[in-house]
There are 2 protein chains.
Amino acid sequence: MSHSWKAGVEAAIRAGERISDPYIVEQVRQAVLSQRLPPGTRLPEVALGEIFGVSRSVVRRALTRLAAEHVIDQRPNQVARVRSPSVEETRETFAARRLVEGEVAALLAGRGLQPGVLDELEREAQAEVEAHGRGDETARIAHSLAIHHRLAALSPNRVLGAMLTDLVLRTSIVIALYKRPTLASCFLEGDHPRLLAALAGGDAEGARRAIEAHLASLEALLDLGPREEEADLRAIFAGVTTS
Amino acid sequence: MSHSWKAGVEAAIRAGERISDPYIVEQVRQAVLSQRLPPGTRLPEVALGEIFGVSRSVVRRALTRLAAEHVIDQRPNQVARVRSPSVEETRETFAARRLVEGEVAALLAGRGLQPGVLDELEREAQAEVEAHGRGDETARIAHSLAIHHRLAALSPNRVLGAMLTDLVLRTSIVIALYKRPTLASCFLEGDHPRLLAALAGGDAEGARRAIEAHLASLEALLDLGPREEEADLRAIFAGVTTS
DNA sequence: GAGCCCCTTCCTGTATACAGAAGGTGGGCA
DNA sequence: TGCCCACCTTCTGTATACAGGAAGGGGCTC
C-alpha cells in the first residue's frame, strides 16, 4: 500500500479540491499509469474512501467505472485489484491499437488537419526529444502520451477516437508492466516525426504505416517471453515423475 | 413507461430468478434492443428498483455499467435516459464496426475455424432465411445477431472481440432507431452466406470485404437524412426576416 | 513435524435515510 | 391575457448500518 500515493492524494484534498467519483477515477488512472499503483495492488473501498475523504458509495461508483475502463479487476465478493494483463492480452491490445490508431491516423491525414493543431503536435514531439535528451523519462512519457491522446481527441470519427483513448491507456499500462528492466526508455527516435510528416503531407496510407511500424517496434521492445503456465510446468517435469 | 415491459420483468422475478445488477443490465439491454424501451425513455432509479425488487444501490450500479456500454445517458443530477445516438454518431459507429468486424473476420478466416463452429454459423444463417421467409422479423433479427455475436466471441483477438460485441449492440440500437418505417425488414439476402463461404474457404480478404459490403448495405438501408439543426433553420428562413 | 480445521477479521453486498438540485405547476402581477 | 416567481414534487448524491462471504492465522490432531 504505497504511502507516498496516499500522501499525495491527501495533499490534493487539503488543497481544497472537490472530490467525487470522476476525480477518483482520474487519480487512480494516473497512479496506475505512473506505476505508483503496481498491478495486483488491492483497492479496498473503505481505504480508498478514507484517503479521498468520501464514503464507500462514491468509491464504489469510481471502481465500477475503472473496471469498465479495464484499469482494475472487480470480482464478486472480492477486493478490487489493479489489473495485470497477461502477455496474450498485451499482444492483442497492441494489435487492436495498431488497427484503430492506424485508421484514425489515415482519416486524419486524408481529411487534413488545421495548421495550428499540427504545430501543437510538433511541439509535443520536440518536447519529447528534449526530455529524452536530458534523461527525464517521466516527462518524455507524458509528451509521448500527449501526442497519441491528441490524435484520439482529433479523430473525425469520435467512436473510434473513444476506442483509441481506451487502447492508449491499456497499452501504456502493459508497457510499464512488461518493459525490459535493462531498458532505460521506450523512446523510438524519429517515429513520431515520421508520423507527423505523413499527417502534414496528407499521406493517409503513409500515416497508417507509420503508426503500425511505431507500435510494432514498441511491442518488440517489451519482454513478452513465453508465459508461465501450468502447461509449461507439466512439460518441464515430463518424465521426471516416478510413474 | 411501457407497462408490458414492467409486467414481463415482474413475471420473471416471481419465477424465482436471483436479481442483481448483471441481470438488470441484461434486461435493460434486451429491452432497448427490442425497442420496448425507445430512445429517450426515462429510467428513474426508484422505479427500476421497484420493478426489479431491489434497492437503488443495485440499480445505480447497473445504470453505471449501462452508461459505460453506451446504452444509456447519465448526466449529473438528471434522470438516466435511453441513449438516442445522432445520425453523425450512427455513421461513425458503422464505420468503426466495419473496421473492427472486418479485421475479426479476416483473422478468423486466416486462422481457420473448427468445422463444428462453421456448421453452427451456417445453421444460424439458414434459420435467419427461414424466419425471414415466414415473416417473423423478431426471430430473424435474433438469428442475425447470433451470427455476429458468435463472430465476436470467436475472435482470436479477445480485445477486438470485446470491442466488436459493443459495436454490434450499438449498431443494433441505431438500426432500430433509424430504420425506414416503410421497410419491413433489414434482411440482406446472401450477405451472411457469402461471409461464411469466405470464412470456410480461408479467404481473409474476401471475408473482410464481405463484412464491409454487408455493413455498408445495412447502413444504406437506414434513413440517415440531413440532421435537423439550428443551422438549417437559419438557412431556411434566410431572407424572410424584415432586416 | 506436517496437515487440517475453526475462528477471527476484513471486506463487500444491499438497504435505507437525509440533504440538495432540477423541473413542472400554480398563483399573482403587470 | 401574458409573463414571472415561488412552491412543491421528484429524483439524484452521499453517508451509514447491517448482513454475509472470503481469506488468513492459530491451535489441534495425526
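In the text below, chain A, chain B and the rest are named by the order of the sequence lines, each starting its count at 1.
- Remark: S55(A) is in phosphate contact with dA15(D), judged by side-chain N or O atoms under 4.0 Å from OP1 or OP2.
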Quiz item: Does the pair R36(B) and S34(B) meet the rule for a side-chain hydrogen bond (donor to acceptor under 3.5 Å, both in side chains), with working shown?
Solution: CA-CA 5 Å; R36(B) 282 172 293 160; S34(B) 62; 2.8 Å; yes

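- Of the residues near DNA chain D, N77(A) and D21(A), the one whose nearest nucleotide (by heavy atom distance) lies more toward the 5' end is D21(A).
- When distances run from any side-chain atom of R42(A) to the nucleotides dC11(C), dG13(C), dT12(D), the shortest one goes to dC11(C).
- L63(A) has its CG atom 13 Å from the P atom of dC11(C), to the nearest Å.
- Atom CZ in R75(B) sits about 19 Å away from atom P in dC11(D), given to the nearest Å.
- In this structure, CG of L48(A) is placed 14 Å from C1' of dT12(C), rounded to the nearest angstrom.
- Nearest nucleotide to the side chain of R56(B), out of dC11(C), dC18(C), dC11(D): dC18(C).
- For P44(B), the side-chain atoms get nearest to dC11(D) when compared with the rest of dT14(C), dG13(D), dC11(D).
- Using a 4.5 Å heavy-atom cutoff, the side chains of E137(A) and I141(A) are in contact.
- The minimum heavy-atom distance linking G40(B) with R81(B) is given by the pair O-NH1, 2.8 Å.
- K179(B) places a side-chain heavy atom less than 4.5 Å from the side chain of C186(B).
- Checked against dG13(D), dC11(C), dT16(D), the side chain of R60(B) finds its nearest nucleotide in dG13(D).
- The CZ-P distance, from R81(A) to dA22(D), rounds to 15 Å in whole Å.
- The residue among V46(B) and Q78(A) whose nearest nucleotide of DNA chain D lies closer to the 5′ end is V46(B).
- Rounded to an integer number of Å, the gap from CZ of R61(A) to C1' of dA15(D) is 15 Å.
- The CD-P distance, from E50(B) to dT10(D), rounds to 12 Å in whole Å.
- Taking atom CD of E45(B) as the reference point, atom P of dA15(C) lies 13 Å away to the nearest angstrom.
- Across A176(B) and Q35(B), no two heavy atoms sit closer than the pair O-NE2, 3.2 Å.
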